[in-house]
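First up is the structure itself, then whatever we jot down about it.
All heavy atoms count here, side chains included; hydrogens, waters and symmetry mates do not.
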Amino acid sequence: MPDIIKLLPDNIANQIAAGEVVQRPASVVKELLENSVDAGSNQIQLIINNAGKNLIQVVDNGCGMSETDARMSFERHATSKIQNLGDLYQIHTLGFRGEALASIAAVAEVELKTKRSIDETGTLILADNSEIRNQEACATPDGTSIAVKNLFYNVPARKNFLKSNTIELRHIMEEFVRVALANPGIHFTMFNENEEVYHLRSGSLHQRIVSLFGKKYDEILVPVEEKTEFITLRGFIGKPDAARKVRGDQYFFANNRFIRNAYLNHAVTGAYEELLSSDSYPFYAVFMELDPSRIDINVHPTKTEIKFEDEKMIYAIMRAAIRKSLNQHHIAPGLNFDEEMTMRIPEPGAGTRDFVRTSGPGNTSANFYQESFLKNTQRASPEQWGELYKILENAESLPVEPSQKETDSEDQLPGIDESEQKPVVQLHLKYIVTSIRSGMIIVHQQLAHERILFEKYLEDIHTQSNYSQKLLFPEILELNTADYNLMAEILSDILNLGFDLEPFGKNAFMINGTPADMQEPGKKEFLEHIIEDYKNTAGADSYSKHEKLALAFAKNTSIKIGRPLAYNEMTRLIDELFACKTPYFSPEGRPALITISSDELDKKFRK
């Protein structure tokens, strides 16, 4: 039998490596920007066409490369940043894997122009499909320009998996923002379809944050600074009153490298303690500087997940430092840094629910009921009955008969005879309980209303049936560049939902009118929440553009937990819920109601 194990050809091996390094256009942007930073540049320009599918170009004024180095940069495992095994544990640079250009050239057409200041001429290299097609001398400024064209032209299956231009461009802008935020001393510019998106002059971290996220951040930033023998922390956090209802602008950097870490995220949010509700998320951009030998940054191809030698210690220092900053700016009660360090530190990797206090006003039986009783099922399980009984015993309101005023109101639901009114109970200002022919139902008032509004707004978007009410005094909505572009993309649908908006200068809109049925007092804040919810929809790929917008509107206009409801409102909510196409679940798939049959009730009272 002949031998069957063979070495892969270079072009196939490079494409396999590219599968790790180049997942989408944003991956190319990340690699090229990091290389430009490592080259000592103080000016970096990013140019994008067709969301990076046709062109990604990065131009810098860094150190440039010699003719030999330019050629070697396209070889696999070629890098200037690692010379021996020990260097792996002392990495101070960003791009060090030695596969970036080789991987990019395996799935795209690449044009490289580079020149050192000591050379009279530069070097031009054209490469594609892992082969150097041309190399020659050229006239070019000091530094490096890399143009990546026709990404995935030779891997059509990969190209077909790319998302819409809007989504891909958003990922590109996220990578750009991360690199720009980590390097405020570098002048960054970004162009999309020949239009300038960002123009970020070199300056302080505070100035860079304001330039990236908008002028309003100038007033909400609280500095963080702490230095210990183990780690140095610096950066900014946001004031509690500027926190958002969805996760948004939250950044960790370890030795100037952007990372994700849910454990340390909990350290930050935990420092706010009673200052924030459980569904609010503060802004932060925190930089950690520590000995490179104490971290392992090569555990993931994108290098955004790293391992710390002592994560518990970092957690404690992070939490104490942020608490101290809040105290110094008279936002939180004073706490001694050393005392704060001795507080209980949760185990790394534990879920957020593991950190919830076991007592206190925020942990009532209703909280457990929402998490446990409604978690994944439409019907109650035997184990959940005990908790249900406790809740029923402590109901804030008893079955009520409608008053004469309510009965005669225009809001009374049609088709319901007064003599047949059913008892309705509101529990913990969160659930509605009523009887049905086969037993009883328990409705989650907020999730049920989200379902009702979701279907209404979807219809309004398609039929343009919502009307606008003119404002006596128009308001100006100022956004950062990314949010402005997003708003411009969905503007026509926003107008269909009843808002009257028009562009007003750079990165701003004039609010001339709002939906006629809108009761929210803050128009600007409402639209900001819509944008955040639209951007951060969980499982966004499973929603269409219209569904994401309808969901964002529904979440921000629905009846919230904690609001007392009159008899009319409760019965109307139930009837409107059952008139929906999908009444049993919220738009995000959570149960909006559960049913308990009479048989199940009877079984509980048998011997």
Side-chain angles (χ1 to χ4, degrees), residues 174 177-178 181 205-206 208-210 212-224 233-253 260-287 315 318-333 335 340 352-353 355-357 360-363 367 446 477-480 482-483 486-487 520-538 551-553 555-558 560-563 588:
E174 287 174 358
V177 166
R178 291 166 185 168
L181 189 59
L205 177 59
H206 186 285
R208 179 56 51 88
I209 292 173
V210 173
L212 284 170
F213 303 115
K215 295 179 182 178
K216 62 183 178 181
Y217 276 74
D218 193 30
E219 301 176 354
I220 71 162
L221 295 179
V222 176
V224 174
L233 298 179
R234 61 181 178 86
F236 291 91
I237 57 175
K239 293 180 180 178
D241 56 4
R244 297 187 175 185
K245 294 297 182 183
V246 291
R247 296 187 186 276
D249 304 322
Q250 299 178 322
Y251 302 89
F252 280 127
F253 297 88
R260 292 186 176 92
N261 192 299
Y263 183 58
L264 297 184
N265 174 73
H266 185 270
V268 175
T269 54
Y272 282 79
E273 288 191 323
E274 304 300 330
L275 300 175
L276 289 178
S277 60
S278 60
D279 61 346
S280 296
Y281 305 94
F283 166 86
Y284 61 77
V286 179
F287 291 76
Y315 180 100
M318 180 80 68
R319 189 182 190 282
I322 290 176
R323 191 70 172 168
K324 176 182 173 183
S325 294
L326 292 170
N327 169 46
Q328 288 176 339
H329 289 78
H330 309 291
I331 298 172
L335 284 176
E340 184 81 355
T352 303
R353 293 181 184 176
F355 302 133
V356 177
R357 294 185 302 276
N363 193 34
N367 290 64
Q446 180 172 337
L477 173 65
E478 295 185 355
L479 301 169
N480 62 47
D483 288 349
L486 177 59
M487 178 66 86
E520 294 288 336
K523 287 76 178 177
K524 293 191 294 186
E525 292 77 8
F526 178 84
L527 287 172
E528 288 172 352
H529 290 158
I530 291 297
I531 293 172
E532 286 301 315
D533 282 327
Y534 184 90
K535 288 191 303 184
N536 297 284
T537 300
L551 175 58
F553 263 76
K555 291 174 71 173
N556 282 278
T557 57
S558 61
K560 300 299 185 288
I561 293 172
R563 174 182 160 182
E588 295 180 293

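Shown here are the salt bridge (charged side-chain N to carboxylate O under 4.0 Å, His left out) partners of D483, two or more places apart in sequence or in another chain: K535. Under the ring-ring contact (aromatic ring centres under 6.0 Å, His included) criterion, Y217 pairs with F213, F283, not counting sequence neighbours. E528 is linked by a salt bridge (charged side-chain N to carboxylate O under 4.0 Å, His left out) to K216, counting only residues two or more places apart in sequence or in another chain.
Nearest heavy-atom pair, Y534 versus A552, reported as atom, atom and distance to 0.1 Å: N-CB, 4.1 Å. In this structure, A271 and R319 approach most closely via the heavy-atom pair CB-O, 3.6 Å. Closest non-hydrogen pair, F287 versus G235, comes out as CD1-CA, 4.5 Å.
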(request) List the steps, then state whether side chain to side chain contact (heavy atoms under 4.5 Å, CB included) holds for Y284 with I322. (result) CA-CA 10 Å; Y284 61 77; I322 290 176; 5.8 Å; no
(request) Could you give me the CA-CA distance, side-chain angles and deciding distance for V268 and Q250, then say whether side chain to side chain contact (heavy atoms under 4.5 Å, CB included) is met? (result) CA-CA 10 Å; V268 175; Q250 299 178 322; over 6 Å; no
(request) Step by step, work out the side chain to side chain contact (heavy atoms under 4.5 Å, CB included) result for S325 and R323. (result) CA-CA 5 Å; S325 294; R323 191 70 172 168; over 6 Å; no
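Note that the CZ atom of R563 and the CD atom of Q446 stand 11.5 Å from one another [nearest 0.5 Å]. For the atom pair OH of Y251 and CZ of R260, the computed distance is 10.5 Å after rounding to the nearest 0.5 Å. Between the NZ atom of K524 and the CG atom of L479 there is a distance of 10.5 Å, given to the nearest 0.5 Å. Note that CG of D218 and CD1 of I209 are 10.5 Å apart. Values are rounded to the nearest 0.5 Å. I530 contributes atom CD1, which lies 11.0 Å from atom CG of L486 (distance to the nearest 0.5 angstrom). Atom CZ of R178 and atom CZ of F252 lie 13.5 Å apart (nearest 0.5 Å).
Side-chain atoms of R208 never come within 3.5 Å of backbone atoms of L181 as a donor-acceptor pair (strictly under, hydrogens ignored).
Residues L326 and I237 form a side-chain contact, since some pair of their non-hydrogen atoms from C-beta on lies under 4.5 Å apart.
Between F553 and F526, the ring-plane angle classifies as perpendicular under the 30° and 60° cut-offs.
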